[in-house]
Amino acid sequence: NAGVTQTPKFQVLKTGQSMTLQCAQDMNHEYMSWYRQDPGMGLRLIHYSVGAGITDQGEVPNGYNVSRSTTEDFPLRLLSAAPSQTSVYFCASSTGSSTNEQFFGPGTRLTVL
Amino acid sequence: GNSVTQMEGPVTLSEEAFLTINCTYTATGYPSLFWYVQYPGEGLQLLLKATKADDKGSNKGFEATYRKETTSFHLEKGSVQVSDSAVYFCALKDTGFQKLVFGTGTRLLVSP
C-alpha cells in the first residue's frame with residue numbers, strides 16, 4: 001500500500017492564481033481531511049469528508065474548496081491564492097472509528113508571492 | 001470546545017537524558033489521546049495512543065498515560081537519542097468524532 005500520497009511536494013504561486021493540491025489514499029478509509037501547518041500554530045483543520053459526496057468545513061475553511069467524488073481522492077482547491085495561504089498542507093485519512101489513528105501524507109509546501 | 005495545550009519548546013537535551021513533554025487537554029466527552037511525531041521534512045506519524053482513562057500507550061521507548069483526573073497525557077522517555085530529535089504533537093479525538101485537535105507541537109533537540 002502506498003498509504004496517503006500528496007502532489008505536488010512543493011509549489012510557488014503568485015497572488016491571485018488558482019491551483020489544486022492532490023491527495024489520494026489506497027486504504028479504503030471513509031474519513032479524509034486537510035490541515036495546514038504554520039509555525040507556532042500546530043495543525044489546523046481546513047476541510048474534511050466522512051465519505052464520498054460528503055464534505056464539511058473545519059476550523060479555517062476560507063479561501064479553500066474541496067470535493068469528494070470517490071473514496072480514494074480528496075483534492076483541495078485554492079481559488080485565488082493569497083500570501084496568507086503560504087503554509088505546509090497535509091492530507092490525512094482514517095477509518096470510521098474515533099479511537100483509530102489518522103494517517104498523514106508527506107505534505108505540500110506552498111509559497112504564495 | 002476541545003483543546004490541547006503543550007509545553008513550549010524547544011526542549012534541548014543531551015543524549016541519554018530523561019524526557020518529559022507535558023500535554024493537558026479539555027474535552028466535552030471521553031476522548032482518545034494521541035502523540036504524533038514529525039521528523040524534519042516529513043509528515044506526521046503516530047507515535048502512541050490511549051483510548052480510555054488509565055491506559056498507557058508505548059512505542060519505541062516512549063510512554064504516556066491517560067490521566068482523566070488531571071486531564072493530562074504527558075510523553076516520557078527514559079533515555080533519548082539524537083535520532084529522537086523531532087517535533088512532537090499531542091492530539092485528541094472526542095468520542096464519536098473523527099476530527100483531530102492538535103496542540104501547537106514541541107520541538108525536541110537532542111545533542112550527542
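So you know, we letter chains A, B, ... as the sequences are listed, proteins then strands, and number each from 1.
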K.L.:
Here's a test for you: under side chain to side chain contact (heavy atoms under 4.5 Å, CB included), which of B:Leu46, B:Leu47, B:Leu48 qualifies with A:Glu101?
P.N.:
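One option only clears the test, and that one is B:Leu46.
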K.L.:
Hydrophobic cluster membership, with links at side-chain heavy-atom distances under 4.5 Å among I/L/V/M/F/W/Y: are B:Val37 and B:Val80 in one?
P.N.:
yes
K.L.:
Taking atom CZ of A:Arg44 as the centre, report whether more than 12 heavy atoms of other residues, nucleotides or ligands fall under 6.0 Å from it.
P.N.:
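Enclosed: over 12 neighbouring heavy atoms sit under 6.0 Å from CZ of A:Arg44.
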K.L.:
So which atom in B:Lys93 and which in A:Ser94 form the shortest heavy-atom distance, rounded to 0.1 Å?
P.N.:
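What the structure gives for the nearest pair is NZ-OG, 4.0 Å.
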K.L.:
Look at the side-chain heavy atoms of Ile, Leu, Val, Met, Phe, Trp and Tyr, link any pair under 4.5 Å apart, and say whether B:Tyr66 and B:Val4 land in one connected group.
P.N.:
yes
K.L.:
Within this structure, what is the CD-CD distance for the pair A:Gln37 and B:Gln38, rounded to the nearest 0.5 Å?
P.N.:
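These two atoms lie 4.0 Å from each other.
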K.L.:
Could you see if A:Val60 belongs to whatever hydrophobic cluster contains A:Met19? Use Ile, Leu, Val, Met, Phe, Trp, Tyr and a side-chain cutoff under 4.5 Å.
P.N.:
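Cluster IDs for A:Val60 and A:Met19 match.
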K.L.:
Heavy-atom pairs under 4.5 Å with chain A are the metric here; pick the option from B:Thr51, B:Val87, B:Leu33, B:Val101 that has the most.
P.N.:
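Among the listed options, the one with the most contacts to chain A is B:Thr51.
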K.L.:
Check each atom of B:Lys99 against the heavy atoms of chain A and say whether the ones under 4.5 Å are side chain, backbone, both or neither.
P.N.:
both
K.L.:
Check for me, please, whether B:Leu75 and B:Phe73 land in the same ILVMFWY cluster - side-chain distances under 4.5 Å, paths through other members count.
P.N.:
yes
K.L.:
Using a heavy-atom cutoff of under 4.5 Å, enumerate the residues of residues 10-24 of chain B that contact chain A, numbered in order, or state 'none'.
P.N.:
none
K.L.:
Quick one: what part of A:Tyr35 sits under 4.5 Å from any heavy atom of chain B, side chain, backbone, both or neither?
P.N.:
side chain
K.L.:
Check this for me: B:Tyr39, atom OH, are more than 12 non-hydrogen atoms of other residues, nucleotides or ligands nearer than 6.0 Å?
P.N.:
yes
K.L.:
Do A:Leu43 and B:Leu100 make a side-chain contact, defined as non-hydrogen atoms from C-beta onward lying under 4.5 Å apart?
P.N.:
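No - every pair of side-chain heavy atoms lies 4.5 Å or more apart.
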K.L.:
Is B:Tyr25 reachable from B:Phe34 through a run of I, L, V, M, F, W or Y residues, each pair having side-chain heavy atoms under 4.5 Å apart?
P.N.:
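No, no single cluster joins them.
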K.L.:
Does the side chain of A:Gln102 come within less than 4.5 Å of B:Tyr36's, by heavy atoms?
P.N.:
yes
K.L.:
With a 4.5 angstrom heavy-atom cut-off, could you sort out which part of A:Leu45 is near chain B: side chain, backbone, both or neither?
P.N.:
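Just the side chain, heavy atoms under 4.5 Å.
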